[in-house]
Amino acid sequence: MRVLSTPGLCCPDCAAKIDKALEEAGIDHKVSLEDKTVSVCDCDHCMETAMEILADLGFEANRIA
């Protein structure tokens, strides 16, 4: 899994919004509200798509792992 830092992830509603959008896009992922991160599968396409989705939702996302 590749990990994205999402500092704007601050509440359960934000986590649910991200989870729903990534699920609808068919991206294997895990959202951690506690760590303010989103982990996605290792494929480059999924990573790029996830970052686009997060940006569309208004979340900054930076790869940290």
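Other residues sharing a hydrophobic cluster with Val38 under the 4.5 Å side-chain heavy-atom criterion for ILVMFWY residues are Leu4, Leu9, Ile18, Leu22, Ile27, Val31, Leu33, Val40, Met47, Met51, Ile53, Leu54, Leu57, Phe59. If you chain together ILVMFWY residues whose side-chain heavy atoms come under 4.5 Å of each other, Ile64 ends up grouped with Val3.
Sequence neighbours left out, the pairs with a member in residues 35-44 that pass side chain to side chain donor-acceptor pair (under 3.5 Å) are Arg2-Asp44, Ser32-Asp35. For the side chain to side chain donor-acceptor pair (under 3.5 Å) condition, the pairs that include at least one residue of residues 51-65, sequence neighbours left out, are Glu60-Asn62. Annotation: side chain to side chain donor-acceptor pair (under 3.5 Å) contacts involving residues 12-23, sequence neighbours excluded, comprise Asp19-His29.
Of the inter-residue distances, the one linking Cys46 atom SG with Met1 atom CE reads 9.5 Å to the nearest 0.5 angstrom.
Gly8 and Cys14 make their closest contact through O-SG, 4.3 Å (heavy atoms, listed as atom of the first residue, atom of the second, distance).
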